[in-house]
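This is a predicted model, so every value here is computed, not measured. Only heavy atoms go into these numbers, but all of them, side chains included; no hydrogens, no water, no symmetry mates.
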There are 2 protein chains.
Amino acid sequence: MAEKQKYHHGNLRKSLIKAGLEHIESGRTEILSLRSLARELGVSKNAPYRHFKNRSYLIKAIADEGFSMLYDSMTENLTGIEDVKEKLSLIGLGYVRFSLKHPGLYRMMFAAAGSVKCSMSKAELESQSNLPPTFLLLSDTIKEGIEAGIFTHLGLKEATIAAWAFVHGLSSLINDSMALGFPGLDLTDEAIFRSIETVLFTGL
Amino acid sequence: MAEKQKYHHGNLRKSLIKAGLEHIESGRTEILSLRSLARELGVSKNAPYRHFKNRSYLIKAIADEGFSMLYDSMTENLTGIEDVKEKLSLIGLGYVRFSLKHPGLYRMMFAAAGSVKCSMSKAELESQSNLPPTFLLLSDTIKEGIEAGIFTHLGLKEATIAAWAFVHGLSSLINDSMALGFPGLDLTDEAIFRSIETVLFTGL
DNA sequence: AAAGAAATGTTGACAACGCCCACTTTCTTG
DNA sequence: CAAGAAAGTGGGCGTTGTCAACATTTCTTT
């Protein structure tokens with residue numbers, strides 16, 4: 001039976017995010033248009049504007065979904081791990097693995113930061129974002145290590161930034177490597193894990 | 001005197017890259033259209049297509065100009081430095097400083113990697129790119145350190161990737177911080193330098 | 001339950017864009 | 001100096017984001 005065509009879609013906002021996510025994940029193109037999404041959902045071209053002020057806001061929403069997924073990936077293999085260094089390394093590995101599994105989404109999440117069109121207030125932004133928990137997971141783990149006297153060379157803020165920067169850079173580099181056209185960075189999970197350990201706890 | 005309106009522009013290709021660069025640098029918007037650039041240069045909307053197969057190719061060209069500038073920034077304060085660690089740290093600082101000075105361009109350079117439309121052959125890409133020298137500068141410095149027995153924990157390839165990843169991640173994070181809406185990452189040059197030293201040579 | 005308000009979806013329109021085509025003008029080179 | 005290549009032009013097509021005005025449905029309040 002064909003579904004009854006209702007005037008109201010029912011849950012257009014969520015559907016738009018989901019369809020947009022699938023579109024990005026499909027990897028065909030990183031460009032997603034409101035119109036094509038609307039078409040796909042069988043709704044008129046302007047319906048999305050009832051749920052998102054403009055295109056940037058939808059992208060931000062999708063990116064935020066991505067941050068939620070990233071958080072999950074970072075905490076995936078953490079149960080039972082007590083050692084702070086191992087915990088931190090596993091968090092990092094989860095981060096990189098997410099970026100490899102969802103390259104388009106990952107790229108979009110950080111590209112979204114540059115979309116200036118989306119000018120929410122800072123408070124508005126923070127309250128709705130899934131980013132802070134992700135940041136806190138890292139920050140708390142490092143705090144644990146500092147308090148245990150294991151990390152001694154940087155302050156909490158700087159150490160957190162440093163750790164994040166490394167896994168973030170690693171992810172970006174691996175992701176862009178083929179498109180940028182220099183020798184492949186095809187690292188195994190083990191190699192990534194070892195790199196993280198070395199850089200964060202030992203140095204080159 | 002008004003310039004004589006010639007049918008041929010004279011050096012449209014270079015002018016397009018320059019105008020595009022200025023547009024990005026101006027910071028008003030990261031979106032640049034072929035049509036607007038053509039207008040700006042007093043040339044018809046289709047003239048750019050005589051010099052760039054499509055929009056992606058122009059963007060790639062601008063990004064490449066950026067990589068050349070990045071190389072300059074990385075080598076800026078290197079004369080007379082003998083110590084490998086100090087050299088590497090200064091290269092890293094030059095990298096981060098470039099990204100802070102040219103946030104839009106920096107973002108574009110790496111976003112360009114994801115524009116799939118530009119499908120040159122790998123050889124074609126490498127031969128024309130300013131990226132390899134940048135990569136080599138880092139790689140050679142680390143090689144020097146490995147051969148001197150200073151860097152012992154990772155292989156050349158992995159160490160190079162690790163070093164690049166860190167400064168790249170640091171740059172991206174600082175650049176995106178405000179837009180992403182979490183506590184400011186306003187680091188001084190000294191703090192950046194110290195972070196680089198710590199992460200690359202000591203660990204947290 | 002009826003009426004008014006709020007949410008949600010629709011159609012039409014406009015300007016901008018990338019890009020294709022056929023055409024014109026200028027430059028280069030035999 | 002003629003022929004062909006290189007560079008620039010104008011028209012046109014399909015797509016997009018976004019605004020405004022209108023229609024329908026659902027919620028709220030009396």
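Judged by closest nucleotide on DNA chain D, B/Leu12 is the one of B/Leu12 and B/Arg35 placed further toward the 5' end. Annotation: of the two residues near DNA chain C, B/Tyr49 and A/Pro48, the 5′-most nearest-nucleotide partner is A/Pro48.
In this structure, A/Ile31 atom CD1 and D/dG14 atom C1' are separated by 15 Å, rounded to whole Å. Regarding B/Asn11, its CG atom lies at a distance of 10 Å from the P atom of D/dG8, rounded to whole Å. The CG atom of A/Leu34 sits 19 Å away from the P atom of C/dA16 (whole-angstrom rounding). Here D/dG8 presents its P atom at 17 Å from CZ of B/Arg39, a figure rounded to the nearest Å. Atom CG in B/Leu37 sits roughly 10 Å away from atom P in C/dC17 (whole-Å rounding). In this structure, A/Leu41 atom CG and C/dT8 atom C1' are separated by 15 Å, rounded to whole Å. Atom CZ of B/Arg55 and atom P of D/dT16 are 15 Å apart (whole Å). Atoms CZ (A/Phe52) and P (C/dG9) sit 12 Å apart, rounded to a whole Å.
A heavy-atom distance below 4.5 Å is not found between the side chains of A/Ile142 and A/Leu154.
Here the two rings, on B/Phe135 and B/Tyr71, have centers that are 6.0 Å apart or farther.
Among all heavy-atom pairs drawn from B/Leu105 and B/Glu25, the shortest one is CB-OE1, 3.9 Å. Residue B/Ala61 comes nearest to B/Ile17 through the heavy atom pair CB-CD1, 3.8 Å, listed as atom of the first residue, atom of the second, then distance. Listed here is the closest heavy atom pair of B/Lys85 and B/Phe201: O-CZ, 3.5 Å.
Between the side chain of A/Asn46 and the base of C/dG12, at least one donor-acceptor pair of N or O atoms lies under 3.5 Å. Side chain B/Lys45 to base D/dG11: a donor-acceptor pair is found below 3.5 Å.
Using a 4.0 Å heavy-atom cutoff across all strands shown, A/Arg13 reaches no nucleic acid atom at all. Contact annotation for B/Ser33: backbone-only contact, meaning every heavy-atom pair under 4.0 Å involves sugar-phosphate atoms and none involves a base. A/Arg50 comes within 4.0 angstrom of a nucleotide base, judged by non-hydrogen atoms across all strands.
Using a 4.0 Å cut-off, no side-chain N or O of A/His51 falls inside it from OP1 or OP2 of C/dA7.
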